[in-house]
Amino acid sequence: MTSPLSDPEQFFTSQLKDFKIAQTNFLNLQKALYRTLRGDNFLFQLQYNPERIRSTAAKVDEKTLKERKCFLCPANLLPGQKGIPYRNKYNIFINPYPIFDRHFTIPDRHHTPQLIDGRFGDMLMLAKDFPAYTFFYNGPKCGASAPDHFHFQMATRGVMPVEKEIENCTVLRQTHSYQIGTIENYMRKIIVLTSDQPDLLENLFLQILSLLSQNIPSQPEPMINLLCWYTSSYWNVIIFPRRGLRPWQFYEEGNDKILFSPGCVDFAGLLVTPRKEDYDRYTPELLADLFGQLTLTNETWEKLSASLRTLIPTN
């Protein structure tokens, strides 16, 4: 089936003419500040982007979700906002509060929870249909600001540092049809899957989810952030397993407060900061503390990586 979004640039340009909130915020994005932090085996690109306060500080408790109108439901679209259908299952919208110069949100057409079960194949399909983009998924307790409505996001490929850094991948297991790897000394525990076979990738992904459910918080699903893109004839899939949503500093007041609530983009090395004071104070040492509270412990990772080294597809 031909993708209904064969020309995302045309759709983007059309929306910016009519969707005034998005038009304003995409223009403001051009004024965002950037600076770089480097470590021995990683790079963080910091982005000062005040408009992202809505996402970073979003209340995602059950009471708040029930009381607010879901902004991903078609009945609650903003003035001028339009979408186009994708394979009769999703709608595609431009994100009115962008991080990237091309930033789209892909919600289910129906109001259904943010759970990856049964959706991984859709993510692979999207990546193949739109190879100029990277797709990402925030789990319901891993940075999703709408955990009650399923959605992917897509952005210009090659912007997030991890997309380049997987070239330094350490192989955990390799066969003629797939590879499982990681990046050592990366501050965040990471699993990298590569294959040209979508059914095999989905099989491996489901096995890894099962392994994670035995080692990390898993209600309603194992805590993960997920990226995927398609290159030439194969997929790259990145899994960031985690054990927490926000560090203790997020809940503090005064000088101790740091508005750090990372989603997939932040774990992937593009750290979005809506407050200037946080943007200015970040150092590699501080980020090591913040991410260290959320990523897997070394003990849990050693146990998990041992299982990954022997992982094989099931029938």
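Heavy atoms only: backbone and side chains are in, while hydrogens, waters and symmetry mates are out.
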Within a strict 4.5 Å, meaning less than it, do heavy atoms of the L33 and K276 side chains meet? yes
Nearest-0.5 Å distance that lies between atom CG in N255 and atom CD in E277: 9.5 Å
4.5 Å side-chain heavy-atom contact, W235 and K128: yes
Take F12 and F26, measure what ring-ring contact (aromatic ring centres under 6.0 Å, His included) needs, and give me the verdict at the end. CA-CA 11 Å; F12 177 84; F26 273 95; 5.0 Å; yes
Would you call the rings of F104 and Y133 parallel, tilted or perpendicular if under 30° counts as parallel and over 60° as perpendicular? perpendicular
Just checking F135 against F152, ring centres under 6.0 Å apart? no
A side-chain contact here means heavy atoms from C-beta on lying under 4.5 Å apart; do K89 and D108 qualify? yes
salt_bridge(D148, R68) N-O dist < 4.0 Å: yes
Polar contact flag, side-chain donor to acceptor under 3.5 angstrom, Q207-N203: yes
For R243 and T295 the tightest heavy-atom approach is NE-O, 2.5 Å
Test item: Q114 side-chain N/O and N138 main-chain N/O as donor-acceptor pair under 3.5 Å: yes
Name the residue from D199, I191, L209, L311 that meets the side-chain contact (heavy atoms from CB on, under 4.5 Å) definition with L204. L311
Output the rest of the hydrophobic cluster of L43: all Ile, Leu, Val, Met, Phe, Trp and Tyr residues reachable through side-chain heavy-atom contacts under 4.5 Å, sorted by chain and number. none
With sequence neighbours left out, which residue pairs that include part of residues 153-192 fulfil the ring-ring contact (aromatic ring centres under 6.0 Å, His included) condition? none
Student check: side-chain heavy atoms of I258 and P247 closer than 4.5 Å: no
On a heavy-atom basis, which atom in S218 and which in S213 lie closest, and how many Å separate them? OG-CA, 3.1 Å
Can you check whether F100 reaches T134 side chain to side chain, under 4.5 Å on heavy atoms? no
For atom NZ of K303, decide whether the heavy atoms of other residues, nucleotides or ligands shown that lie under 6.0 angstrom number more than 12. no
Pick one: which of I224, L296, L294 meets side-chain contact (heavy atoms from CB on, under 4.5 Å) with R242? L294
Quick one: are F250 and L290 in side-chain contact, heavy atoms under 4.5 Å? no
R87 with D129: basic N within carboxylate O range, under 4.0 Å: yes
For the pair E51 (side chain) and N28 (backbone), establish whether a donor and an acceptor sit closer than 3.5 Å, ignoring hydrogens and angles. no
Could you pull out all residues at least two apart from N41 that satisfy side-chain contact (heavy atoms from CB on, under 4.5 Å)? N168, I183
Can you confirm whether P220 sits close enough to P113 that some side-chain heavy atom of one is under 4.5 Å from a side-chain heavy atom of the other? no
Going by the angle between their ring planes, with limits at 30° and 60°, are F291 and F267 parallel, tilted or perpendicular? perpendicular
Go through it in stages, so that I can follow the logic: the residues are R119 and Y137, the test is side-chain contact (heavy atoms from CB on, under 4.5 Å), and I'd like the CA-CA distance, side-chain angles, deciding distance and then a yes or no. CA-CA 10 Å; R119 307 277 191 168; Y137 167 83; over 6 Å; no
Would you mind reporting whether L200 and S177 have side-chain heavy atoms less than 4.5 Å apart? yes
Under the side-chain contact (heavy atoms from CB on, under 4.5 Å) test against F260, which residue among L271, D278, T273 passes? L271
